[in-house]
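Please read the structure below before turning to the comments.
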Amino acid sequence: MTKHTPLHDVHARLGASFTDFGGWDMPLKYGSELAEHRAVREAAGIFDLSHMGEVRVTGSDAGALLDYALVAKYSSMAVGKAKYGVLLDAAGGLVDDLITYRIADDEFLVVPNASNTPAVVEALEARAEEFRTEIVPDAAAEVADESADTALIAVQGPQSQAVLEAAGASEGGAPLDELGYYAWQPLTLDGVEIMLARTGYTGEDGFELYLPNASAEAIWELLFSAAEKVDGEVLPCGLAARDSLRLEAGMPLYGNELSLEHSPLDAGLARMVELNVRNKEHLFAREALEGLLAQQPARVLTGLTSQGRRAARQGATVLLDGEQIGEITSGQPSPTLGHPIALAYLDREHTEPGTAVSVDIRGKSYDFTVAELPFYRREK
């Protein structure tokens with residue numbers, strides 16, 4: 001059965017075009033996806049991300065459990081901070097990449113990708129049981145899936161702080177200037193208690209608002225009323241703009257760049273794995289990770305650009321001197337840069353920036369060049 005976010009009726013009233021995304025009926029765009037993309041780069045865009053998961057991990061041993069279950073260090077995080085990490089299967093394949101927030105000394109909020117939420121919950125529950133029975137007997141750590149009760153709205157772009165301040169975000173609370181990147185603070189808007197995070201997936205400054213489903217529509221409308229008071233056009237944005245924005249920022253997407261068939265080393269996270277294997281006494285899939293570290297990955301995630309007009313799409317073959325050296329995972333014309341960009345897994349020996357390659361696009365060969373990531377970097 002297709003799932004709807006608490007803002008689905010709002011999107012329908014706005015004339016959104018919908019698409020299935022991991023079993024959710026999500027807005028693809030509201031009008032011009034190019035206009036939505038540009039709004040985020042030039043002013044701000046507002047996204048409904050309520051399809052994302054929210055998993056709360058609590059107890060005095062919650063940090064130690066997450067240290068064991070995920071590839072990142074959580075027990076030493078400060079309250080109010082966030083961290084990017086990955087969840088692996090026993091063979092070292094990527095189950096999901098996710099952001100985790102430390103809410104209190106004994107409380108964390110793990111945010112998985114939408115379609116992966118059931119797998120993440122199942123894995124965390126299983127690892128919690130292993131942790132309590134085999135590693136730290138009777139450890140105090142519990143896992144609760146709160147995804148069905150939680151809405152998530154993102155405000156992204158250079159005017160995102162101005163939008164929130166116009167909505168009253170600095171009234172009676174900590175100034176937004178004091179909220180750093182990958183951090184969160186409590187916020188009250190129009191009487192609604194919100195967890196406000198300074199994170200995002202667009203390459204721009206931005207915020208994500210976690211709040212109860214019942215308050216989602218009121219806060220959505222409040223944000224758009226506030227947007228009328230800031231410089232530039234602020235638009236509702238769908239998945240199409242989110243995808244083009246994250247690609248310009250060189251950010252991987254689960255199902256494209258990340259999957260069970262890829263390890264974190266393939267995706268450029270070797271340093272994260274190395275630190276975790278070296279510094280953690282207890283770590284799920286340690287043996288598999290040690291094996292991966294002992295050998296270089298055959299193919300690694302790499303950026304490609306072209307000065308031509310034809311974009312390479314997922315599944316296209318990358319060639320060098322007529323020999324296949326990789327495959328495109330994501331690609332499209334960059335609205336900001338004005339030329340095609342792509343992410344691809346390439347044979348490791350051919351990933352030096354500036355390397356000339358070709359891509360087979362529907363039987364014809366097109367010139368591309370290996371490029372450093374990200375393709376786009378915002379001005380600070």
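Fair warning: this is a prediction, and the values are worked out from it, not measured in the lab.
Judged by the 6.0 Å distance and 45° axis criteria, R127 is positioned over the aromatic ring of F284. Because its NZ or CZ atom is not both nearer than 6.0 Å to the ring centre of F368 and within 45° of the ring axis, R310 does not count as a cation-pi partner of that residue.
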Does the side chain to side chain contact (heavy atoms under 4.5 Å, CB included) test come out yes or no for L301 and D266, once each step is laid out?
CA-CA 6 Å; L301 190 60; D266 302 337; over 6 Å; no
Full working for side chain to side chain contact (heavy atoms under 4.5 Å, CB included) between Q156 and F207
CA-CA 6 Å; Q156 295 282 306; F207 300 84; 5.6 Å; no
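A donor-acceptor contact closer than 3.5 angstrom links the side chains of T199 and E208. Counting only N and O atoms by type, the side chains of T329 and Q314 include no donor and acceptor under 3.5 Å apart. A donor-acceptor pair shorter than 3.5 Å can be found between the side chains of R198 and Q161. Counting only N and O atoms by type, the side chains of T2 and D25 include no donor and acceptor under 3.5 Å apart. Side-chain polar atoms of H11 and D48 form a donor-acceptor pair below 3.5 angstrom. Donor-acceptor pairing under 3.5 Å is lacking for the side chains of D367 and S358. Donor-acceptor pairing under 3.5 Å is lacking for the side chains of S330 and R313. Checked by atom type, the side-chain pair E193/T188 shows a donor-acceptor distance below 3.5 Å.
In the displayed structure, R309 atom CZ is contacted under 6.0 Å by at most 12 heavy atoms of other residues, nucleotides or ligands. By the 6.0 Å contact criterion, CD on E372 is open, its count of non-hydrogen atoms from other residues, nucleotides or ligands being 12 or less. Sparse packing is recorded around CD of E287, with 12 or fewer heavy atoms of other residues, nucleotides or ligands lying under 6.0 Å away. Within a 6.0 Å sphere centred on CZ of R362, other residues, nucleotides and ligands contribute 12 heavy atoms or fewer.
In this structure, H8 has its ring center closer than 6.0 angstrom to the ring center of F18.
The OH atom of Y210 lies 12.0 Å from the CD1 atom of I153; values are rounded to the nearest 0.5 Å.
Ring planes of F224 and W220: tilted class, angle from 30 to 60°. In this structure, H262 and Y345 have parallel ring planes: the angle between them is below the 30° cut-off, well short of the 60° mark.
Exactly one residue among T369, V370, I341 makes a side-chain contact (heavy atoms from CB on, under 4.5 Å) with L304. That residue is V370.
Ion pairing of R246 with E257 is present here, as a side-chain N (NZ or NE/NH1/NH2) and a carboxylate O approach within less than 4.0 Å.
A 4.5 Å side-chain heavy-atom check between E290 and V277 finds at least one atom pair inside the cut-off.
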